[in-house]
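Residue indices begin at 1 and follow the sequence shown. Values below: every heavy atom of this structure, side chains too, minus hydrogens, waters and symmetry copies.
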Amino acid sequence: MTKKIRFMETVLRDGHQSLVATRMSTPEMLPILKKMDEAGYDALEVWGGATFDACLRYLNEDPWERLRTIRNEVKHTKLQMLLRGQNLLGYKHYPDDVVETFIQKAIENGIDVIRVFDALNDLRNLKTSFKAIKKYGGHCQGTISYTTSEVHNNDYYLKLVAQMEIMGADSICIKDMAGILTPKNVFELVSALKKSTVLPIHVHTHCTSGIAEMTYLMAAQAGADGIDCAISPFSGGTSQPATESMAIALEEMGYDTGLDLEALKEIADHFRPIKEDFRSKGLLNPKVMDVEPNTLLYQVPGGMLSNLLSQLKEAHQEDKYEAVLKEIPAVRKDMGYPPLVTPLSQMVGTQAVMNVVSGERYKMVPKEIKDYVKGSYGKSPAPLSEEIKQKIIGDEETCTVRPADMIEPGMESFKKDTAAYAGTTEDVLTYALFPNLAEPFLRKKKDPFYDVPIQNVTIILP
């Protein structure tokens with residue numbers, strides 16, 4: 001019997017988020033959407049992650065309108081998004097009623113599959129999302145934030161998936177945001193999961209460390225049901241392996257990918273000049289295409305490495321780069337081995353820089369690290385030592401309940417705040433997530449002249 005493996009195409013979300021900071025506009029996507037709908041993809045990733053923020057901040061686009069536009073063109077292929085659980089698309093916990101309403105509207109506007117994860121793999125932070133996805137008829141893809149540590153082993157992940165299955169997950173994703181999932185580890189993990197659950201298993205990784213294609217090949221041989229790839233112009237580097245190349249390789253090995261290779265060629269031809277335009281404008285930084293084996297040595301995502309170097313340059317301390325790289329695993333151990341995914345990757349990295357630059361560990365501690373130690377982000381994978389707690393927060397109280405239980409409902413308050421300019425529930429949600437970006441955007445959406453200074457208006461007298 002022919003083995004099947006299905007492809008999720010990332011070019012409309014993670015592909016351009018990874019390479020060009022999510023700057024691709026809806027008009028650049030629109031002409032090729034019908035062809036993508038005919039190519040045989042299992043799903044197209046079109047929303048979530050940083051798309052919401054980037055639409056408002058850089059592209060002057062309504063992210064909800066982008067979703068509706070894509071849904072209007074794509075009639076047959078599932079549309080997928082990435083959601084940070086209780087964080088939604090932001091960097092903090094939102095009230096349960098905001099989470100539920102957001103998911104309801106995402107599904108109503110065209111999303112079929114919601115890949116939902118928590119940065120700490122704290123299932124309490126996924127509870128509301130899972131319930132809402134099921135309530136409104138979406139496909140709930142429970143997601144492992146993959147990492148390695150003394151506590152993150154196959155038994156840990158098998159227990160996590162078993163709990164997600166009880167919570168109602170329809171499929172499982174192994175999300176390797178850092179590109180640290182090795183061929184050996186993926187084979188063992190996928191093999192174990194295929195024995196322990198009937199849920200389809202999808203694998204997501206990045207090319208940062210140079211081993212992603214080998215990882216996907218071993219995932220397929222272990223029985224993975226799906227992999228994430230990006231059409232070739234937006235593949236490689238900190239993005240995913242090329243869709244066409246993986247499809248050809250797997251089909252030669254006897255796998256049925258369901259993909260139309262001629263259609264893939266047309267899709268690549270469409271995106272190639274768009275990539276070149278980004279390159280000519282300087283938005284495609286050559287560094288994002290570099291292979292970074294240190295990712296495997298230090299378990300640090302490629303984007304985080306470049307951010308660290310940037311922080312050290314600003315402080316004129318570039319010579320401390322290696323010391324910071326060695327400090328990151330130590331901080332991560334102190335913090336109970338959180339996976340290095342947004343927002344924890346930024347928090348751990350900043351703390352490591354502060355420890356090295358100040359010359360004393362935890363002499364300076366950002367507010368976010370203090371909140372994390374208090375339990376405001378959720379439960380750390382491994383317990384924090386009392387010594388570390390004492391050094392960072394002293395005798396301050398810690399949160400032992402689900403963090404969102406401490407947050408009052410917010411939708412009615414957000415509706416009142418936006419009554420003068422929000423025309424829809426979607427507008428209110430945009431404000432709830434990104435108030436500083438949303439208010440001027442929504443005011444201008446309602447009144448195109450609202451931000452025109454009165455002194456620049458020419459008054460023509462009769």
Side-chain angles (χ1 to χ4, degrees), residues 6-18 22 24 26 29 33 36-37 41-56 59 61-74 76-91 94 98-119 125-126 128-145 164 168-175 177 200 202 204 226-230 234 239-240 341-342 425-426 429-430 432-434:
R6 291 298 179 247
F7 281 56
M8 197 271 277
E9 174 59 60
T10 70
V11 68
L12 302 177
R13 204 286 295 176
D14 201 10
H16 73 107
Q17 179 172 321
S18 295
T22 332
M24 195 186 298
T26 303
M29 302 172 183
L33 292 175
M36 295 182 79
D37 195 20
Y41 290 113
D42 181 61
L44 303 177
E45 188 185 39
V46 300
W47 221 50
T51 56
F52 217 87
D53 185 328
C55 277
L56 297 168
L59 302 174
E61 287 190 26
D62 184 335
W64 296 98
E65 188 57 37
R66 170 180 288 192
L67 176 55
R68 289 189 289 269
T69 299
I70 296 173
R71 179 79 282 174
N72 193 51
E73 297 291 313
V74 179
H76 310 291
T77 310
K78 290 175 285 188
L79 298 184
Q80 184 162 326
M81 74 170 292
L82 181 68
L83 195 76
R84 300 183 189 122
Q86 205 74 29
N87 291 14
L88 293 177
L89 306 177
Y91 306 97
Y94 293 94
V98 174
V99 173
E100 178 171 341
T101 307
F102 184 90
I103 288 168
Q104 176 188 1
K105 289 300 176 182
I107 293 169
E108 283 181 9
N109 281 272
I111 288 295
D112 299 297
V113 181
I114 298 182
R115 175 177 290 175
V116 57
F117 75 97
D118 176 66
N125 293 336
L126 298 178
T128 302
S129 297
F130 271 51
K131 280 186 177 177
I133 296 166
K134 303 298 287 184
K135 178 178 178 179
Y136 296 105
H139 176 110
C140 179
Q141 189 166 99
T143 303
I144 293 167
S145 292
M164 287 181 178
D170 297 299
S171 61
I172 297 296
C173 174
I174 304 167
K175 177 178 168 57
M177 51 281 166
H202 295 253
H204 172 96
I227 54 175
D228 293 2
C229 292
F234 282 87
S239 179
Q240 284 77 46
V341 63
T342 301
T425 301
E426 286 86 344
L429 289 163
T430 299
L433 266 64
F434 299 103

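Applying the salt bridge (Lys or Arg N to Asp or Glu O under 4.0 Å) criterion to Glu426, with sequence neighbours excluded, gives no partner residue. For His204, the ring-ring contact (aromatic ring centres under 6.0 Å, His included) test picks out His206, with sequence neighbours left out. Contacts of Asp37 classified as side chain to side chain contact (heavy atoms under 4.5 Å, CB included), with partners at least two apart in sequence or in another chain: Val74, Lys75, His76, Thr77. Under the rule for a side chain to side chain contact (heavy atoms under 4.5 Å, CB included), the partners of Ser171 that lie at least two apart in sequence or sit in another chain are His139, Gln141, Pro200, His202. Listed by chain and residue number, Arg13 satisfy the salt bridge (Lys or Arg N to Asp or Glu O under 4.0 Å) test with Glu45 (two or more places apart in sequence, or in another chain). Applying the salt bridge (Lys or Arg N to Asp or Glu O under 4.0 Å) criterion to Arg84, with sequence neighbours excluded, gives no partner residue.
Using a 4.0 Å cut-off between a side-chain N of Lys or Arg and a carboxylate O of Asp or Glu, Asp14 and Arg115 do not qualify as a salt bridge.
Smallest separation of non-hydrogen atoms from Gly48 and Gln17: O-OE1, 4.5 Å. Closest approach of Ala43 to Gln80, counting heavy atoms only: CB-OE1, 3.6 Å. When every heavy atom of Ser239 is checked against every heavy atom of Gly15, the shortest pair comes out as OG-CA, 3.6 Å. Among all heavy-atom pairs drawn from Leu67 and Asn109, the shortest one is CG-O, 3.5 Å. Here the closest heavy-atom approach between residue Glu100 and residue Tyr136 is recorded as OE2-OH, 2.8 Å. Between Ala106 and Met81, the closest heavy-atom pair is CB-SD, 4.1 Å.
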Begin with the C-alpha distance, continue with both residues' side-chain angles, and end with the deciding distance and a verdict on side-chain contact (heavy atoms from CB on, under 4.5 Å) for Ile103 and Leu83.
CA-CA 9 Å; Ile103 288 168; Leu83 195 76; 3.8 Å; yes
Given the rule in the side-chain contact (heavy atoms from CB on, under 4.5 Å) test, do His16 and Thr22 qualify, once you have shown the distances and angles that lead to the verdict?
CA-CA 5 Å; His16 73 107; Thr22 332; 3.7 Å; yes
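The line from NZ of Lys78 to CD1 of Ile111 is 12.5 Å long, rounded to the nearest 0.5 Å. Rounded to the nearest 0.5 Å, atoms CG (Leu126) and OG1 (Thr143) are 8.0 Å apart. Taken from OG1 in Thr69 to CG in Asp62, the straight-line distance is 9.0 Å, to the nearest 0.5 Å. The CD1 atom of Ile70 lies 10.5 Å from the CD atom of Glu65; values are rounded to the nearest 0.5 Å. Here CG of Leu12 is found 10.5 Å from OG1 of Thr51. Values are rounded to the nearest 0.5 Å. Leu44 contributes atom CG, which lies 8.5 Å from atom CZ of Arg71 (distance to the nearest 0.5 angstrom).
More than 12 heavy atoms of other residues, nucleotides or ligands shown are found within 6.0 angstrom of NZ on Lys105.
Residues Met29 and Glu73 are not in side-chain contact: their nearest non-hydrogen atoms beyond the backbone lie 4.5 Å or more apart. Using a 4.5 Å cut-off on side-chain heavy atoms (C-beta onward), Val11 and Met36 make contact. Looking at Phe117 and Val341, their side chains come closer than 4.5 Å, going by heavy atoms from C-beta outward.
Note: Phe102 and Trp47 have parallel aromatic rings, judged against thresholds of 30 and 60 degrees for the angle between ring planes.
For the pair Ser145 (side chain) and Asp118 (backbone), a donor-acceptor distance under 3.5 Å is present. In this structure a side-chain-to-backbone donor-acceptor pair under 3.5 Å is missing from Thr10 to Asp228. A distance-only check finds a donor-acceptor pair linking the side chain of Glu61 to the backbone of Thr26 [under 3.5 Å]. Here the side chain of Asp42 pairs no donor or acceptor atom with the backbone of Met8 at under 3.5 angstrom.
With Cys140 as reference, Val116 is the one residue of Ile114, Val116, Val113 to meet the side chain to side chain contact (heavy atoms under 4.5 Å, CB included) rule. Results of the side chain to side chain contact (heavy atoms under 4.5 Å, CB included) test with Tyr94 over Leu89, Leu88, Thr101 single out Leu88 as the only residue that passes.
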